[in-house]
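Numbering of ligands and ligand atoms starts at 1, following listing order. The analysis underlying the following values was restricted to heavy atoms, covering all of them including side chains, and did not include hydrogens, waters or symmetry mates.
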Amino acid sequence: MSQNKSFSFEFFPPQTAEGMEKLTATRKQLAMLKPEFFSVTFGAGGSTQERTLETVLQIKSEGHDAAPHLSCVGSTRENIRALLQTYKNAGIKRIVALRGDLPSGMASIGEFQYANELVSFIRAETGEHFHIEVAAYPEFHPQAKSARDDLLNFKRKMSAGANSAITQYFYNADAYFRFVEESRKLGVTAPIVPGIMPIVRFSQLARFSDACGAEIPRWMRKTLEGYGDDVESVQAFGLDVVTQLCEKLLAAGAPGVHFYTLNQAKASREILQRLGYHA
Ligand code: FAD
């Protein structure tokens, strides 16, 4: 990958001390590739608030840039204000600002309805302190009224003060190219970084994809289904397909790639190495 492309890795906050230890080992391997930052997800409704903070602080203490995700659904201005202050005090400079999805059983949507409101709030409270990333959906958000509405909502979120966007994962490069083109026509000039999901286990991928509306193209699904329990073949196929996807995206001008690592180093590292990037 050429020098002017950036890449980053996403983790989820582990629930146990053992998970935390494993993630430290994962991070060590990925840190050798010198990513721009590591991001850490946040359970909507604040369910992982402490663990997200703990993981982010650990990353920071190892000398890397850490970006906490922050979802606003089910939360209050007071909570978000306090969390922003904690991150600011800890020297965090980047936030991934999201609406999130209301966890089942949680009745109140809280004081923020959409991510654009959170972006405006962060800017109003903390000025230009944070680099704000938001989510983008090349295959459109599952709850969007229409493709056009989703694009306009994305534009609204960028205009509220976001600096750049990371996309939901996808395996159809044309969906990304089209999304970027349409966003540019609406006047969005900020980088839109493709989110990349390496393929490690098909059943897990199929579950995620059904939930978030990311399409697994039929030719891929059929091939992966055909491998059954043959994990080696699934992973070999996944590495080929996802490396080719990254090559295509980067060659056509994508500013970098963001890996959904699922706290595993192997696949993301192998893809980057195949792209010519070595530690
Ligand atoms: P929004 O931008 O608010 O959009 C949500 C829906 O509402 C869309 O359909 C949009 O078209 C519509 N909409 C937006 N604004 C308006 C408006 N003003 N009026 C009417 N309609 C509107 N979830 C987590 O819980 N934790 C995480 O850490 C997390 N990390 C993520 C990271 C990335 C890179 C991505 C792509 C997703 C992540 N998610 C995470 C999932 C995300 O929270 C869900 O997809 C959620 O359903 C939408 O969040 P959003 O910020 O995109 O919402």
Side-chain angles (χ1 to χ4, degrees), residues 7-14 36-53 55-56 66-75 80 83 87 94-104 106 109-122 131-170 175-176 179 182-183 186 188 190-197 208-215 254-263:
F7 59 91
S8 48
F9 299 112
E10 179 172 316
F11 301 132
F12 59 85
E36 193 177 5
F37 63 91
F38 292 109
S39 81
V40 183
T41 62
F42 183 90
S47 57
T48 69
Q49 186 164 320
E50 293 303 322
R51 287 183 283 119
T52 299
L53 175 63
T55 311
V56 157
H69 294 211
L70 178 54
S71 59
C72 59
V73 74
S75 196
I80 302 278
L83 204 44
Y87 287 137
R94 185 186 297 256
I95 278 184
V96 184
L98 304 143
R99 182 195 71 174
D101 294 305
L102 205 61
S104 55
M106 189 177 235
I109 196 163
E111 292 180 8
F112 298 89
Q113 213 175 350
Y114 296 109
N116 67 287
E117 297 163 24
L118 176 62
V119 174
S120 298
F121 184 75
I122 298 174
H131 176 113
I132 304 177
E133 306 266 2
V134 290
Y137 300 85
E139 295 177 323
F140 305 110
H141 186 265
Q143 292 159 3
K145 258 202 255 157
S146 70
R148 185 75 190 157
D149 276 317
D150 210 28
L151 266 164
L152 293 172
N153 290 329
F154 174 64
K155 152 91 175 161
R156 179 182 293 119
K157 192 158 61 170
M158 296 307 298
S159 303
N163 300 91
S164 49
I166 301 173
T167 77
Q168 182 58 277
Y169 69 88
F170 57 88
Y176 169 80
F179 183 85
E182 293 300 313
S183 300
L186 290 174
V188 175
I192 302 173
V193 177
I196 300 293
M197 179 73 88
F208 285 164
S209 301
D210 289 345
C212 71
E215 190 192 32
V257 281
H258 175 84
F259 286 97
Y260 295 104
T261 69
L262 303 180
N263 292 7

Residue and atom name of the nearest protein heavy atom (relative to [atom]), distance in Å to one decimal:
atom: atom 35 (C) of ligand 1; result: A135 CB, 3.7 Å
atom: atom 41 (C) of ligand 1; result: Y137 OH, 4.3 Å
atom: atom 9 (O) of ligand 1; result: H141 ND1, 2.9 Å
atom: atom 47 (O) of ligand 1; result: D101 OD1, 2.6 Å
atom: atom 30 (N) of ligand 1; result: H69 ND1, 2.9 Å
atom: atom 23 (N) of ligand 1; result: G100 CA, 4.2 Å
atom: atom 2 (O) of ligand 1; result: K157 NZ, 2.8 Å
atom: atom 11 (O) of ligand 1; result: D150 OD1, 2.5 Å

Original post:
Is there any N or O on V96 that sits under 3.5 Å from an N or O of ligand 1?
Top reply: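 In fact, backbone or side chain, V96 has no N or O that close.
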
Heavy-atom contacts with [X] under 4.0 Å: which atoms of ligand 1 show up? List them by number with element.
X: T41; answer: 28 (O)
X: I166; answer: 34 (C)
X: Q168; answer: 36 (C)

Evaluating non-hydrogen atoms only, which member of [options] is closest to [atom]?
atom: atom 3 (O) of ligand 1; options: A165, A211, A115, G43; value: A115
atom: atom 26 (N) of ligand 1; options: Y169, F42, F154; value: F42
atom: atom 16 (C) of ligand 1; options: Y114, F12, Y260; value: Y114

Original post:
Where the side chain of N263 meets the backbone of P14, is there a donor-acceptor pair that is under 3.5 Å apart?
Top reply: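 Such a contact is absent between N263 side chain and P14 backbone.
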
Original post:
Is there a donor-acceptor pair under 3.5 Å between the side chain of D150 and the backbone N or O of S146?
Top reply: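 No, the answer is negative, given that no donor and acceptor are paired below the 3.5 Å cut-off.
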
Applying a heavy-atom cut-off of 4.0 Å, say which part of [X] lies close to ligand 1: side chain, backbone, both or neither.
X: Q113; answer: neither
X: R156; answer: side chain
X: N116; answer: side chain

Original post:
Testing Q143, E117, Q113 for side-chain hydrogen bond (donor to acceptor under 3.5 Å, both in side chains) with R99, which one passes?
Top reply: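 Between R99 and the candidates, side-chain hydrogen bond (donor to acceptor under 3.5 Å, both in side chains) is satisfied uniquely by Q143.
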
Subject >> Residue from F259, F11, F12 passing ring-ring contact (aromatic ring centres under 6.0 Å, His included) with F38 >> reply: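 Answer to the ring-ring contact (aromatic ring centres under 6.0 Å, His included) test with F38 among F259, F11, F12: F11.
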
Original post:
Does the side chain of E133 come under 3.5 Å of the side chain of S164 through a donor N or O and an acceptor N or O?
Top reply: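 Per modelled atom types, E133 and S164 side chains form a pair under 3.5 Å.
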
**OP:** Would you mind reporting whether Q168 and Y260 have side-chain heavy atoms less than 4.5 Å apart?
**Re:**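 Yes; the side chains approach each other to less than 4.5 Å.
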
Original post:
Do Q49 and L83 pass the side-chain contact (heavy atoms from CB on, under 4.5 Å) test, and can you show the C-alpha distance, the side-chain angles, and the key distance before you say yes or no?
Top reply: CA-CA 9 Å; Q49 186 164 320; L83 204 44; 3.9 Å; yes

For a quick test of reading the model, state the closest non-hydrogen atom pair linking [X] to [Y] and the distance between them.
X: A136; Y: A165; value: CB-CB, 4.2 Å
X: A162; Y: V134; value: CB-CG1, 3.8 Å
X: N163; Y: A190; value: O-CB, 3.2 Å

**OP:** Compute the ring centroids of Y176 and F170, then answer whether they are less than 6.0 Å apart.
**Re:**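 Y176 vs F170: aromatic centres under 6.0 Å.
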
